[in-house]
Amino acid sequence: MIDEFLSKKRNVYILAFIAIFFESLTSPCLKLGGKYDFLSLPYLAWFGVAVALLAGYAVVWQLILEHLPLTTAYLRKGISYILVFIWAAMLFQEVITVQQIVGIIVIIIGMVVSMSDGF
């Protein structure tokens, strides 16, 4: 059933985006856990959520790598950095700097160029 679903390239890309989305949530979980005392229940809970997200991501990413070339898959992981940037601004009200915006633009340009057939 999963092989039939992943036989369509569009589905592989959708699954890759979903996997990267959930992987990007691990950083905010770890930051939230860091607000609590080391090894306290809330600390362990946030750490556990992060580990569970990464475990699910690892399984799904392995499926993705079976259907996409390695370079194609990993070039899309730049989306993760963009999402972490968004989480930092939305959840933690972190200051957004010009350098960070330039970095995000460079990542986006790199992903667009890597997806194109060439010039």
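- Here Val98 pairs with Val102 under the side-chain contact (heavy atoms from CB on, under 4.5 Å) rule; sequence neighbours left out.
- Residue pairs meeting the salt bridge (charged side-chain N to carboxylate O under 4.0 Å, His left out) criterion with at least one member in residues 54-73: none, sequence neighbours excluded.
- With sequence neighbours left out, the side-chain contact (heavy atoms from CB on, under 4.5 Å) criterion links Leu68 to Lys9, Val12, Tyr13, Ile64, Thr72, Ala73.
- Both Phe22 and Ile79 belong to a common hydrophobic cluster when Ile, Leu, Val, Met, Phe, Trp and Tyr are linked at side-chain heavy-atom distances under 4.5 angstrom.
- A single hydrophobic cluster is seen to contain both Ile105 and Ile96, as judged by linkage of ILVMFWY side chains at heavy-atom distances under 4.5 Å, directly or through other members.
- Heavy atoms from other residues, nucleotides or ligands lying under 6.0 Å from OH of Tyr36 number 12 at most.
- Sorted by first and then second residue, the salt bridge (charged side-chain N to carboxylate O under 4.0 Å, His left out) pairs with a member in residues 15-33 read Lys31-Glu94; sequence neighbours excluded.
- Take Tyr43 and apply the ring-ring contact (aromatic ring centres under 6.0 Å, His included) test, not counting sequence neighbours, and it matches Phe38.
- Sorted by first then second residue, the salt bridge (charged side-chain N to carboxylate O under 4.0 Å, His left out) pairs that include residues 49-65, not counting sequence neighbours, number zero.
- Among residues two or more places apart in sequence or in another chain, the ring-ring contact (aromatic ring centres under 6.0 Å, His included) test is passed with Trp61 by Tyr57, Tyr74.
- Connection of Val95 to Ile101 is not established within any shared hydrophobic cluster, with ILVMFWY side chains joined at heavy-atom distances below 4.5 Å, either directly or through further cluster members.
- The side-chain contact (heavy atoms from CB on, under 4.5 Å) check on Phe47 picks up Leu30, Val51, with sequence neighbours excluded.
- Remark: Phe21 pairs with Trp87 by the ring-ring contact (aromatic ring centres under 6.0 Å, His included) rule, at least two apart or across chains.
- When the side-chain contact (heavy atoms from CB on, under 4.5 Å) test is applied to Ile14, the partners found at least two apart in sequence or on another chain are Arg10, Asn11, Ile18.
- Residues Ile109 and Val106 fall into different hydrophobic clusters, defined by Ile, Leu, Val, Met, Phe, Trp and Tyr side chains chained together at heavy-atom separations under 4.5 Å.
- Note on residues 34-45: no pairs pass salt bridge (charged side-chain N to carboxylate O under 4.0 Å, His left out), not counting sequence neighbours.
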